[in-house]
Amino acid sequence: MKANNRFEKEPNQDYVTQFTKAEFVLSAPKLTFCPEDNLPEFCLAGRSNVGKSSIVNALTNQSKLAKTSNVPGKTREMNYFRINDSWYLVDLPGYGYAKVSKKEQQRWGQAMTEYLLKRQQLCLVLIVLDIRHKPHESDLDFMFWLAENAIPFANVFNKADKVGKKHHHDALVSLKELHEEMNIEVPVISISAQKKDGLTDLENLITEFIDDVPEA
Ligand SMILES: Nc1nc2c(ncn2[C@@H]2O[C@H](COP(=O)(O)OP(=O)(O)OP(=O)(O)O)[C@@H](O)[C@H]2O)c(=O)[nH]1
Ligand SMILES: [Mg+2]
């Protein structure tokens, strides 16, 4: 079958990761458990099941580094991966997962808020969205909250292999309109973690932000 957008149906054989060294470091239930060195870090946030952990694996070309699942709610703590000995990629648990108890959701909300507000070396929050669906109210709330608190973020549309060209285009346009309404400029990238498409754009975005970190 012919692919109907630039995201091919077969895994992209041409993708060569720049992130050749990747190792799991620790799982942190809250800020005080996060690594104490000052390496720059990037976190993957978003609703459950959008593919955050799959992105860790795709970017590092290791199929089992982060645990993925088709059952939402797999990731329960902040999982730290050190990349090329020089920065951290942090896989966060998904928000908006109804099956987690109210108490657990509350604990998480507090831990996340503290982490996002106080983690000085956090360069950029990568908010992952499933391109098949309109951003959920919880995504919008999260984006508004980050903007209000001047925490830089980018949007990463994942699962682009699942949609056609028109849907892809419309999703990008409406997200850009949302950013205009919010009066903010936010990088937007679309990828397929599964087919390894668009990953070079994501790598380049991360690399650009690392380059902007002032020397400690
Ligand atoms: N078609 C398609 N499926 C994907 C893609 N990325 C991830 N998936 C699938 O989506 C499901 C969820 O992936 P995860 O990476 O576990 O999602 P997560 O966001 O880490 O989920 P939580 O840990 O529950 O927050 C899995 O079945 C993946 O195989 C993609 O690019 N395309
Ligand atoms: Mg996960």
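Basis for what follows: all heavy atoms, side chains included, without hydrogens, waters or symmetry-related copies. Note that this is a predicted model, so its numbers are computed, not measured. Count residues from 1 along the sequence. Whatever order the structure lists ligands and atoms in, that order sets their numbers, starting from 1.
- For ligand 1, residues of the protein lying within 4.0 angstrom by heavy-atom distance are R47, S48, N49, V50, G51, K52, S53, S54, T68, S69, N70, P72, G73, K74, T75, G94, N158, K159, D161, K162, S192, A193, Q194.
- Applying the side chain to side chain contact (heavy atoms under 4.5 Å, CB included) test between L59 and each of N57, I55, V56 identifies I55 as the sole match.
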Does the ring-ring contact (aromatic ring centres under 6.0 Å, His included) test come out yes or no for W145 and F153, once each step is laid out?
CA-CA 11 Å; W145 182 83; F153 68 92; over 10 Å; no
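- There is no path of hydrophobic side-chain contacts, each under 4.5 Å, that joins V25 to F33.
- By the neighbour-count criterion of 12 heavy atoms within 6.0 Å, atom NE2 of H169 is sparsely surrounded, having that number or fewer from other residues, nucleotides or ligands.
- Near the Mg ion (ligand 2), less than 2.8 Å away, sit the protein N, O or S atoms S53 OG, T75 OG1.
- Scanning all heavy atoms of the two residues, the minimum distance from K52 to A45 falls at CD-C, 3.5 Å.
- Smallest separation of non-hydrogen atoms from S86 and L39: O-CD2, 3.5 Å.
- Residues S27 and N79 bring a donor and an acceptor atom of their side chains to less than 3.5 Å of each other.
- The residues D130 and R47 are annotated as not salt-bridged, no charged nitrogen and carboxylate oxygen being separated by less than 4.0 angstrom.
- Counting heavy atoms from C-beta on, the side chains of M143 and V186 never come closer than 4.5 Å.
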